[in-house]
Protein chains: 2
Amino acid sequence: MSVNYNSMKKNKIINPFKPAKHKHQDCLQAAIKAAKQHCDVLGLRLTPLRQRVLELVWQSHEPVKAYGILDELKQGHSSSAPPTVYRALDFLQEQGLVHKIESLNAYVGCGDPKEHHSSQFFICHDCGSVAELDDADISGLIQKKASHFGFKIDNEMVEIKGHCQECRDSRK
Amino acid sequence: MSVNYNSMKKNKIINPFKPAKHKHQDCLQAAIKAAKQHCDVLGLRLTPLRQRVLELVWQSHEPVKAYGILDELKQGHSSSAPPTVYRALDFLQEQGLVHKIESLNAYVGCGDPKEHHSSQFFICHDCGSVAELDDADISGLIQKKASHFGFKIDNEMVEIKGHCQECRDSRK
DNA sequence: AACAATAATGTTACATTATAACATTACATA
DNA sequence: TATGTAATGTTATAATGTAACATTATTGTT
């Protein structure tokens with residue numbers, strides 16, 4: 001019996017649900033640090049503007065709207081306009097530092113920019129928080145199913161809505 | 001060894017990729033017929049406006065934009081405005097006759113309104129066509145993974161972009 | 001240091017997608 | 001036929017996103 005080594009990919013928890021009370025300052029700092037390092041290594045410029053937008057995206061684990069970012073950005077940077085935000089978000093998305101949640105038209109930070117990975121998002125209807133997986137089983141199964149009808153995948157979007165453990169517990 | 005009968009759900013192809021040349025009139029007619037029957041059974045009103053919007057969504061297997069529908073609707077129904085279209089789409093979506101592709105802000109017809117089902121959409125970047133599965137394996141795996149961290153799913157959005165068999169063949 | 005080329009940001013305008021709110025008309029049924 | 005409800009009409013505006021061109025900052029080269 002053979003083992004398919006190609007399929008021996010890891011299932012990762014990119015970003016788990018965090019307790020309502022956690023030291024979020026640490027999440028933010030870790031994200032900025034990772035972003036700086038990522039850009040450093042690749043010779044990319046995490047300009048003050050881009051960093052500020054990234055910080056605003058990371059103000060919580062809830063997806064943030066572009067125009068929400070714009071409102072906050074304006075407070076310290078009066079020349080901001082929609083393109084200011086969308087360009088920064090484009091850059092951050094290209095670098096895997098931010099993902100767009102298509103079903104919400106909103107953006108979340110990603111703590112693992114180093115490598116391209118699959119993403120599965122779980123969005124809690126109660127607290128609004130998002131968890132992100134890079135689950136090779138899910139991604140692999142979808143690819144397998146696609147291959148059955150000759151479909152070659154470029155990009156997978158998986159956005160799951162429901163209720164996280166903590167919110168379910170607190171409703172009892 | 002036990003068998004989990006709960007998981008014995010069927011994997012369905014709700015809407016496969018169709019050959020570029022197929023008798024699309026048949027798809028359209030079947031969809032309208034199914035919609036009429038669906039509404040009949042439930043005592044819902046598939047008004048001329050709603051039926052017309054459904055027909056416009058079914059003009060092809062490519063997702064259609066709301067304002068595209070509006071433009072076409074106006075040609076035979078000059079009083080149409082955005083709410084005209086969005087209301088009809090809301091009704092059709094509630095009945096499972098139409099799905100929204102979130103990543104495209106566009107709408108596709110569904111040939112299987114009878115029961116609520118999971119949906120996995122496969123969108124070809126070349127021809128623009130969409131295929132829809134109701135795959136219990138994918139849906140089940142996602143639910144299983146979610147249960148590992150206590151997440152209770154309300155709704156799954158799976159939208160896969162890539163290249164369909166026919167388009168891949170014709171590019172060789 | 002001066003220059004040119006490129007990247008990033010500023011600025012204005014507008015395109016696209018969607019909804020709120022209230023008026024009117026059509027339909028179901030008592 | 002009256003009456004309540006559902007559907008549609010109508011106007012206005014909110015929310016999301018992009019095009020196009022000007023200006024400024026940065027990088028790499030003489």
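In what follows, chains are A, B, ... by sequence order, proteins preceding strands, each numbered from 1.
- Secondary-structure annotation of DNA chain D gives the stems C:1-30 with D:1-30, with a stem taken as at least 3 successive Watson-Crick or G-U pairs whose two distances both fall under 3.5 Å.
- Within 6.0 Å of NE2 in B:His148 there are more than 12 heavy atoms belonging to other residues, nucleotides or ligands.
- Residue A:Ile138 is found in a hydrophobic cluster whose other members, listed by chain and number, are A:Ile13, A:Phe17, A:Phe122, A:Leu133, A:Leu141, A:Ile142, A:Phe149, A:Phe151, A:Ile153, A:Val158, A:Ile160, B:Ile13, B:Phe17, B:Phe122, B:Leu133, B:Ile138, B:Leu141, B:Ile142, B:Phe149, B:Phe151, B:Ile153, B:Val158, B:Ile160; membership requires side-chain heavy atoms under 4.5 Å apart, directly or through intermediates.
- Evaluation of the ring pair (Phe, Tyr, Trp, His ring centres under 6.0 Å) test over residues 67-98 of chain B, restricted to residues two or more places apart or in two chains, returns none.
- Near DNA chain C, meaning a heavy atom under 4.0 Å away, the residues from residues 42-57 of chain A are A:Arg45, A:Thr47, A:Leu49, A:Arg50.
- With sequence neighbours excluded, the residues that form a side-chain contact (heavy atoms from CB on, under 4.5 Å) with A:Lys74 are A:Leu70, A:Ser80.
- Partners of B:Gln51 under the side-chain contact (heavy atoms from CB on, under 4.5 Å) rule, at least two apart in sequence or in another chain, are B:Ile32, B:Lys36, B:Leu46, B:Glu55.
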Side chains of residues 58-65 of chain A: which donor-acceptor pairs under 3.5 Å do they make with residues two or more places apart or in other chains?
unit_1  : atom_1 : unit_2   : atom_2 : d
A:Ser60 : OG     : A:Glu62  : N      : 2.9
A:His61 : NE2    : A:His22  : NE2    : 3.2
A:His61 : NE2    : A:His24  : ND1    : 3.2
A:Lys65 : NZ     : A:Leu104 : O      : 2.8

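- Partners of A:Asp90 according to the side-chain contact (heavy atoms from CB on, under 4.5 Å) rule, which considers only residues two or more places apart in sequence or in another chain, are A:Gln93.
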Problem set entry | nucleotides 13-19 of chain D: protein proximity per nucleotide (B base, S sugar-phosphate only, - neither; heavy atom, under 4.0 Å) | ---BBBB

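- Across residues 69-80 of chain B, not one residue has a non-hydrogen atom less than 4.0 Å from an atom of DNA chain C.
- Scored by the side-chain hydrogen bond (donor to acceptor under 3.5 Å, both in side chains) test, B:Glu159 finds B:Ser103 as partners (sequence neighbours excluded).
- Side-chain N/O atoms of B:His117 and B:Asp112 include no donor and acceptor closer than 3.5 Å.
- Connectivity analysis of hydrophobic side chains (ILVMFWY, heavy atoms under 4.5 Å, direct or indirect) links B:Met157 to A:Met157.
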